K.L.:
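Could you have a look at this structure, given as structure tokens, before my questions?
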Amino acid sequence: MGENFESVQAFYCSGLKGELFVPGDKSISHRALIIGGLTIGETIANGLLESEDVICTANAIKALGAKVVRKKPGLWSIKGVGIGGFSQPDNVIDCGNSGTSVRLLMGTVSTCSMNVTFTGDHSLRKRPMDRILIPLSKFGASFSTYADSKLPIHISGSEEAIPISYELPVPSAQVKSAILLGGLNVRGRTTVIETEATRDHTEKMLKAFGANILIEKNANCSKISVDGFPTLRPVEIKVPGDISSASFPIAAACMVPGSKILIRDVGVNPLRDGFLISLIEMGADIEIINKRQSAGELVADIQVTYTPNLKGIEVPENRAAKMIDEYPILSMVAATAKGSTTMKGVSELRFKESNRIEAIAKGLMDSGVEVKVGEDMLIVNGVSSKNFEGGSEIDASNDHRIAMAFICLGLVSKKSITVHGTQSIQTSFPNFVVLMNSIGAVLKV
Ligand code: S3P
């Protein structure tokens, strides 16, 4: 696939410059494959992310009976089997490192009369799955697990699923999506209630394919409903650049003096824009230009010009869902800013590809930054980029976003930062090192 390096050493560099594209959005790519797999006819996905996580979903959809073909780089054809048309796979479905794959797929098969065993890598087998098993068992699905509701999980989909209404106890687009996808194969209306809005790619894409999606909002919550057994019609999907991947060159350009970059065609869905809002509050010079709608998603070009003296901010709790994957890289910008940055409402970071609160805190403290950790809060005391010492060796704990975040920090450190365990970058951003070096970063593998 892409680059596969065990370690990356990042050196101080003198300004990132140029125009670039980042790879396709991971969340939208997973959904294109799954919803395409449930549609009769050929769905074409253009700009699909070709990373390990997304390939896990593609392989799973094939194992369940859909025809998935890579026509050219980034251009994929999915010939689906229709709602309820998935067939019993003849092997375990291994979702590798991908929480999105396993949770969305478990949701999809939970209302199909079949038995499937899901597993994943060392990290995924440690992540909580009860958040998915509780609502899916209300459909009538049953599960057996080894221990503590963790993978491997054997699921027996419900033969006569009943529609459910479920209020999410933690904000999670993965859980919401699992329920909505399960609801497709249920007679009647399935509803998810969220008190904190999470990314809405599933509902948007289902609507574009012809499903009846109803959204009711009031002051306290949103109710998202899907009617079972819609006729899904294939739609050509144009996958925008992933804002979560773009966050790394964006942050690097904010930290490295003399930088000016333009990232084209990035998805700027308002439920994913918390990182940009936070950087602008810190004083970053970020312009979001040429905003347009593309296949139902808001897309724009993002220009970042280095500006000195970024300052620490308070990131409120209600922004967490809109930037849940961007706290590692925001913490690096905070470390190089003036004053302290307080991030509230971050407890979900403990349940990602690694315990990200621990990984951020340990890596920053090893790099000479003062960090305070609370149950639901992270405080980083910035040292300003001019004084950033670095010189640390970071273990990325097999977590792609921790790896890329500390690599970006190395670009502004007096002494280089070496990050180990960088193979994990393959899960979301296969050409990261080459792309960063093409705009002036100094990364050695
Ligand atoms: C995702 C949702 C988020 C995010 C993950 C992708 C998705 O997880 O962290 O990287 O595609 O739905 P949660 O919904 O569990 O917060």
Side-chain angles (χ1 to χ4, degrees), residues 8-13 16 243-257 259 261 274-276 278-284 286 304 306-313 315 323-343 346 349 352 354 356-373 378-397 399-419 421-422 424-425 429 432-433 436 441-443:
V8 174
Q9 193 174 5
F11 294 85
Y12 192 90
C13 71
L16 303 174
I243 182 73
S244 296
S245 297
S247 70
F248 298 103
I250 292 172
C254 288
M255 292 191 282
V256 177
S259 298
I261 61 167
F275 177 65
L276 296 176
S278 300
L279 287 181
I280 291 167
E281 284 177 4
M282 293 175 94
I286 294 180
V304 189
Y306 171 79
T307 177
N309 304 327
L310 294 193
K311 58 178 194 316
I313 56 165
V315 185
M323 55 173 290
I324 192 66
D325 293 334
E326 281 69 75
Y327 285 101
I329 187 62
L330 185 76
S331 302
M332 304 303 128
V333 183
T336 62
K338 281 207 170 100
S340 77
T341 293
T342 301
M343 294 164 260
V346 295
L349 297 185
K352 296 295 176 185
S354 70
R356 287 186 175 158
I357 296 188
E358 261 178 25
I360 294 167
K362 176 160 191 326
L364 282 181
M365 288 192 290
D366 288 350
S367 312
V369 182
E370 210 182 290
V371 179
K372 285 194 205 111
V373 171
L378 184 64
I379 303 174
V380 175
N381 282 331
V383 290
S384 112
S385 59
K386 284 182 238 87
N387 302 322
F388 203 81
E389 205 56 38
S392 43
E393 301 243 346
I394 306 291
D395 171 10
S397 335
D399 183 330
H400 54 137
R401 300 202 196 280
I402 296 295
M404 290 185 278
F406 280 98
I407 290 172
C408 290
L409 186 64
L411 300 177
V412 75
S413 303
K414 284 187 206 157
K415 292 186 202 139
S416 68
I417 290 184
T418 304
V419 182
T422 47
S424 55
I425 296 173
F429 200 155
F432 174 72
V433 170
M436 292 300 288
V442 183
L443 305 180

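The structure presented is a predicted model; accordingly, all values stated were derived computationally and were not measured.
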K.L.:
Quick check: closest heavy atoms across Val383 and Phe388, and the distance to 0.1 Å?
P.N.:
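For Val383 and Phe388, the tightest heavy-atom pair comes out as CG2-CD1, 3.2 Å.
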K.L.:
Output the distance between atom OG (Ser245) and atom CZ (Phe429), rounded to the nearest 0.5 Å.
P.N.:
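Those atoms lie 5.0 Å apart.
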K.L.:
Would you check, one step at a time, whether the test side chain to side chain contact (heavy atoms under 4.5 Å, CB included) holds for Val380 with Val369?
P.N.:
CA-CA 7 Å; Val380 175; Val369 182; 3.9 Å; yes
K.L.:
Mind checking whether Phe248 and Phe432 have parallel, tilted or perpendicular rings, split at 30° and 60°?
P.N.:
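Rings of Phe248 and Phe432: perpendicular, as their planes differ by over 60°.
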K.L.:
With a 4.5 Å cut-off on side-chain heavy atoms, are Met282 and Val333 touching?
P.N.:
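Yes. Closest side-chain heavy atoms under 4.5 Å.
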K.L.:
What distance separates Ile329 CD1 from Ser247 OG, expressed to the nearest 0.5 Å?
P.N.:
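Here the interatomic distance stands at 6.0 Å.
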K.L.:
Look up atom CD in Glu389 and atom OG in Ser367, then write down how far apart they are to the nearest 0.5 Å.
P.N.:
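The OG atom of Ser367 is 10.5 Å from CD of Glu389, to the nearest 0.5 Å.
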K.L.:
Would you sort out whether Arg401 and Asp325 count as a side chain to side chain contact (heavy atoms under 4.5 Å, CB included), showing the intermediate values?
P.N.:
CA-CA 8 Å; Arg401 300 202 196 280; Asp325 293 334; 3.5 Å; yes
K.L.:
Can you list everything that forms a side-chain hydrogen bond (donor to acceptor under 3.5 Å, both in side chains) with Lys338? Sequence neighbours excluded, please.
P.N.:
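Checked Lys338 against side-chain hydrogen bond (donor to acceptor under 3.5 Å, both in side chains); matches are Asn309.
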K.L.:
Can you tell me how far the CD1 atom of Ile243 sits from the CG atom of Leu276, to the nearest 0.5 Å?
P.N.:
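These two atoms lie 4.0 Å from each other.
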K.L.:
Can you confirm whether Lys372 is buried at NZ, in the sense that more than 12 heavy atoms of other residues, nucleotides or ligands lie under 6.0 Å from that atom?
P.N.:
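No, the 6.0 Å shell around NZ holds no more than 12 heavy atoms from other groups.
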K.L.:
Answer with yes or no whether the side chains of Glu326 and Ser244 bring together a donor and an acceptor at under 3.5 Å.
P.N.:
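A donor-acceptor contact under 3.5 Å links the two side chains.
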K.L.:
Please determine if Lys352 and Asp399 form a salt bridge, counting it only when a charged side-chain N lies under 4.0 Å from a carboxylate O.
P.N.:
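No.
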K.L.:
Using modelled atom types only, decide if a donor and an acceptor are shared between the side chain of Ser259 and the backbone of Leu16 within a distance under 3.5 Å.
P.N.:
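Answer holds: yes.
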K.L.:
For the residue pair Thr418 / Glu393, report whether a side-chain donor-acceptor contact shorter than 3.5 Å exists.
P.N.:
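Looking only at side-chain atoms, Thr418 and Glu393 do not form any donor-acceptor pair under 3.5 Å.
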K.L.:
Can you confirm whether Ile407 sits close enough to Leu443 that some side-chain heavy atom of one is under 4.5 Å from a side-chain heavy atom of the other?
P.N.:
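Yes, close enough: below the 4.5 Å cut-off.
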K.L.:
Between Lys362 and Asp395, is any pair of side-chain heavy atoms under 4.5 Å apart?
P.N.:
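When only atoms from C-beta onward are counted, Asp395 and Lys362 do not touch, as no gap falls below 4.5 Å.
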K.L.:
Kindly compute the distance separating CG (Leu330) from OG1 (Thr341), expressed to the nearest 0.5 Å.
P.N.:
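Leu330 atom CG to Thr341 atom OG1 measures 6.5 Å (nearest 0.5 Å).
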K.L.:
What pair of heavy atoms forms the shortest contact from Ile261 to Pro249, and how long is it?
P.N.:
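The answer is CD1-O, 3.4 Å.
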K.L.:
Decide side chain to side chain contact (heavy atoms under 4.5 Å, CB included) for Ile360 and Val371; before the verdict, give the C-alpha distance in whole Å, the side-chain angles of both, and the deciding distance to 0.1 Å.
P.N.:
CA-CA 9 Å; Ile360 294 167; Val371 179; 5.7 Å; no
K.L.:
Test side chain to side chain contact (heavy atoms under 4.5 Å, CB included) on Met404 and Ile425; report intermediate values, then the result.
P.N.:
CA-CA 7 Å; Met404 290 185 278; Ile425 296 173; 3.8 Å; yes
K.L.:
Looking only at heavy atoms, which two atoms of Ser331 and Met343 are closest? And how far apart?
P.N.:
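The answer is OG-CE, 3.5 Å.
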K.L.:
Once you round to the nearest 0.5 Å, how far does SG of Cys408 lie from CE of Met332?
P.N.:
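It is 9.0 Å, given to the nearest 0.5 Å.
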K.L.:
Would you check if the side chain of Lys311 reaches a backbone N or O of Glu281 as a donor-acceptor pair within less than 3.5 Å?
P.N.:
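Yes.
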K.L.:
Where is the tightest heavy-atom contact between Leu378 and Val373, given as atom of each residue plus distance?
P.N.:
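Minimum heavy-atom contact is CD1-CG2, 3.9 Å.
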K.L.:
Testing Val8, Val442, Leu411 one by one against Met436 for a side chain to side chain contact (heavy atoms under 4.5 Å, CB included), which residue passes?
P.N.:
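Exactly one option meets the side chain to side chain contact (heavy atoms under 4.5 Å, CB included) with Met436, and it is Leu411.
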K.L.:
Ignoring hydrogens, what is the shortest heavy-atom contact between Cys254 and Ile286? Give both atom names and the distance.
P.N.:
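Minimum heavy-atom separation between Cys254 and Ile286: SG-CD1, 4.4 Å.
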K.L.:
Do any N or O atoms from the side chain of Ser413 and from the backbone of Leu409 form a donor-acceptor pair under 3.5 angstrom?
P.N.:
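Checking the backbone N and O of Leu409 against the side chain of Ser413, a donor-acceptor pair under 3.5 Å is found.
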K.L.:
State whether a side-chain donor-acceptor pair under 3.5 Å links Ser354 with Ser397.
P.N.:
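Short answer, no.
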K.L.:
Val419 and Phe406: which non-hydrogen atoms are nearest, and at how many Å?
P.N.:
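Between these two residues, the closest heavy atoms are CG2-CB, 3.8 Å.
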